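Below is one structure, written out as structure tokens, with a few remarks after it.
All figures in this text were calculated on a predicted structure; none of them were measured in a lab.
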Amino acid sequence: MKAAVLKAFGSPLAIETLPDPTLGTGEVIVDVVAAPVVSYANEAFSGARNYLLDLPLAPGIGAVGRVRAVGPDATRLAPGDWVFCDPTVRSRDDAVSPDVLLQGWTAAGEGGLRLQAHFRHGSFAEQIKVPTENAVPIGAIDAADAARWCALNVLLVPYGGLLAANLQAGETVLISGATGSFGSAGVAVALAMGAGCVIAPGRNEAALAALARRFGPRVRTVKLLGSEEDDRSRMLRAAPGPIDRVLDLLPPSAPAAAVRAAALTVRPHGTIVLMGGVAAGLELPYRHLMRNCITLRGQWMFPREAAVRLVGLIRSGVLTLDPFDFAEFSLDRANEAVAHAAAHAGPFKMTVLRP
């Protein structure tokens, strides 16, 4: 198969021919039709993010494609089925605390590296081998729409966070980082899940205005000015009542003060979910959290059933893929695609490889 291979951190992707993946029990081989290129791929490939990748390999996180072959334990999948390849690979020998690999992207510790040794290559290739449970059926689609379905890759992240927050219909949720790629997707998902109001803070006035235009009065935007106390007060004033859930999706460069300003808007007995990449240490008031019975939890990616449930939301029409704009590149232009993704990051913008 043809693939874009990362041989060393800081080097460009090399277009090469790799051996086709071989099928085993508990595995599915998928012909990749579209593979998303995330906006920070250049940071991952340069080594700036210090991701655990045993190079060389074909990177790439997530894919949409058609099943080529299934193992003997697959009872419903069949060759030709359209699937989303969930990149979150979990070890099967510890149901309570499984090791995790983001296939083609990064391993979570030594156990994740052992998974990476087997599920080696990501989606920047003509074929990909995934665990059977990671090939999620999406139903019949036109091949031309495969790129649009790559939006699952973005939507699933905040969906996982909102599931972890136990967001209920009619509640008010604050999406911290709402003007970013994952944050703006989180606004769309929260509304589809029935949120009564979404508080969307951010610094980018144009992006905030676009969210308000796109989603209407259920979204209340807040321009952040940089003062922790003032920003918190402005977010609270924007809400129609108590804020039930806070989902943080801020990027690594964001200061801890921005996380705190949003997190501490949550009501007593509310929930805060940390899902971003903030590098700074986070100091939260112990007594405030304890006395107000606030739940604070971290969430990395999403549970296994999330992809199936999200496909259901899309197929029902409650959640639409229409807001997403796509730029498509052939596999031979993988390096151009990585550069384009970095230069055109933003709400509802995606770059896609078409192997």
Here's one to test your reading of the geometry: is the NZ or CZ of R49 within 45 degrees of the ring axis of Y40 and under 6.0 Å from its centre? yes
Starting at CG of D31, measure out to CH2 of W82 and round the result to the nearest 0.5 Å. 9.5 Å
Is the backbone N or O of D99 less than 3.5 Å from a side-chain atom of S91, with the two atoms forming a donor-acceptor pair by type? yes
Can you measure from CG (L113) to CG (L53) and round to the nearest 0.5 angstrom? 8.5 Å
In sequence, state the C-alpha distance, the side-chain angles, and the governing distance for Y51 and L102, and then conclude on side-chain contact (heavy atoms from CB on, under 4.5 Å). CA-CA 10 Å; Y51 283 170; L102 291 187; over 6 Å; no
Give the cluster check for L174 versus L208: same hydrophobic cluster or not, with ILVMFWY residues linked at side-chain heavy-atom distances below 4.5 Å. no
Between Y159 and R309, does a side-chain contact (heavy atoms from CB on, under 4.5 Å) hold up when you go through it step by step? CA-CA 10 Å; Y159 186 48; R309 294 170 66 175; 3.4 Å; yes
Pair T172-I199, side-chain contact (heavy atoms from CB on, under 4.5 Å): steps then yes or no: CA-CA 7 Å; T172 295; I199 308 302; 4.0 Å; yes
Could you check whether atom CZ of R68 has more than 12 heavy atoms from other residues, nucleotides or ligands sitting under 6.0 Å from it? no
Taking the side chain as C-beta and beyond, is there a heavy-atom pair between L310 and F84 under 4.5 Å? no
Indicate the atoms forming the closest heavy-atom contact of C150 with V64, along with that distance. N-CG2, 3.9 Å
Can you tell if the side chain of D86 reaches within under 4.5 Å of the side chain of V130, non-hydrogen atoms only? no
According to a 4.5 Å side-chain heavy-atom criterion applied to Ile, Leu, Val, Met, Phe, Trp and Tyr, with indirect links allowed, do F324 and I175 form part of one hydrophobic cluster? yes
Per side chain to side chain contact (heavy atoms under 4.5 Å, CB included), V5 is matched among L18, L55, L57 by L18
Any link between L224 and V278 through a network of hydrophobic side chains (Ile, Leu, Val, Met, Phe, Trp, Tyr) touching at under 4.5 Å? yes
Of all heavy-atom pairs between V32 and S123, which one has the smallest distance, and what is that distance? CG1-O, 3.7 Å
Are any side-chain N or O atoms of R120 and backbone N or O atoms of P56, one a donor and one an acceptor, separated by less than 3.5 Å? yes
I'd like to know whether CD of E16 has more than 12 heavy-atom contacts from other residues, nucleotides or ligands below 6.0 angstrom. yes
Could you tell me if the side chain of L284 sits less than 4.5 Å from the side chain of R260, heavy atoms only? yes
Contact between P137 and L77 at the side-chain level, heavy atoms closer than 4.5 Å - yes or no? yes
Closer than 3.5 angstrom, by distance alone: can the side chain of R304 be matched with the main-chain N or O of T88 as a donor-acceptor pair? no
Output yes when a side-chain donor or acceptor of N153 lies under 3.5 Å from a complementary backbone atom of A63, and no otherwise. no
Set of residues satisfying side-chain contact (heavy atoms from CB on, under 4.5 Å) with respect to P323, sequence neighbours excluded: R214, T320, F348
Under 3.5 Å, is there a donor-acceptor pair between the side chain of S39 and the main chain of A342? no
Let me check something: any side-chain donor-acceptor pairs from residues 332-340 under 3.5 Å, sequence neighbours excluded? List them with distances.
| residue | atom | partner | partner atom | Å |
| --- | --- | --- | --- | --- |
| D332 | OD1 | K2 | NZ | 3.2 |
| R333 | NE | E336 | OE1 | 3.2 |
| R333 | NE | E336 | OE2 | 3.4 |
| R333 | NH2 | E336 | OE1 | 3.1 |
| N335 | OD1 | L13 | N | 2.8 |
| N335 | ND2 | L13 | O | 2.9 |
| H340 | ND1 | T351 | OG1 | 3.1 |
| H340 | NE2 | H344 | ND1 | 3.4 |

Test side-chain contact (heavy atoms from CB on, under 4.5 Å) applied to V30 and V83, step by step: CA-CA 8 Å; V30 176; V83 294; 3.9 Å; yes
Taking Q103 for the side chain and H121 for the main chain, is one N or O donor matched with an acceptor at less than 3.5 Å? yes
Please answer: with hydrophobic residues joined when any side-chain heavy atoms are less than 4.5 Å apart, are V198 and L156 in the same cluster? yes
Hey, what do you get for CG (L331) to CE (M1), rounding to the nearest 0.5 Å? 10.0 Å
Are the side chains of K129 and H118 in contact, using a 4.5 Å heavy-atom criterion? yes
Point-to-point distance, once rounded to the nearest 0.5 Å, from OG1 of T295 to CD1 of I272: 8.5 Å
Any side-chain heavy-atom pair of P285 and L264 under 4.5 Å: yes
When you measure from the side chain of Q168 to the backbone N and O of N166, does any donor-acceptor pair fall under 3.5 Å? yes
For V222, is there any backbone N or O sitting under 3.5 Å from a side-chain donor or acceptor partner on R220? no
Does D145 use its side chain to pair, donor to acceptor, with the backbone of R148 at less than 3.5 Å? no
Beyond-backbone contact of S184 with V154, side-chain heavy atoms, under 4.5 angstrom: no
I need the minimum non-hydrogen distance between R354 and A34, along with the two atoms involved. CD-CB, 3.9 Å
Thinking salt bridges, do R114 and E110 make one under a 4.0 Å N-O criterion? no
If you compare all heavy atoms of V136 against all heavy atoms of A307, which two are closest, and at what distance to 0.1 Å? CG2-CB, 3.9 Å
Is any side-chain heavy atom of L6 closer than 4.5 Å to a side-chain heavy atom of S11? yes
Please answer: with hydrophobic residues joined when any side-chain heavy atoms are less than 4.5 Å apart, are V157 and L247 in the same cluster? yes
Which residues pass the salt bridge (charged side-chain N to carboxylate O under 4.0 Å, His left out) test with D248, sequence neighbours left out? none
At what distance, to the nearest 0.5 angstrom, does CG of D244 lie from SG of C197? 10.0 Å
Could you tell me whether R245 and E171 have a side-chain N and a carboxylate O separated by less than 4.0 Å? yes
Compare every heavy atom of P21 with every heavy atom of Q127, then report the nearest pair and how far apart it is. OE1-CD, 3.5 Å
Heavy-atom pair with the smallest gap, counting every atom of A143 and V33: O-CG1, 4.3 Å
Between the CD1 atom in I314 and the CG atom in L319, the distance rounded to the nearest 0.5 Å is 5.0 Å
Any donor and acceptor pair, going by atom type alone, linking the side chain of T106 with main-chain N or O of L52 inside 3.5 Å? yes
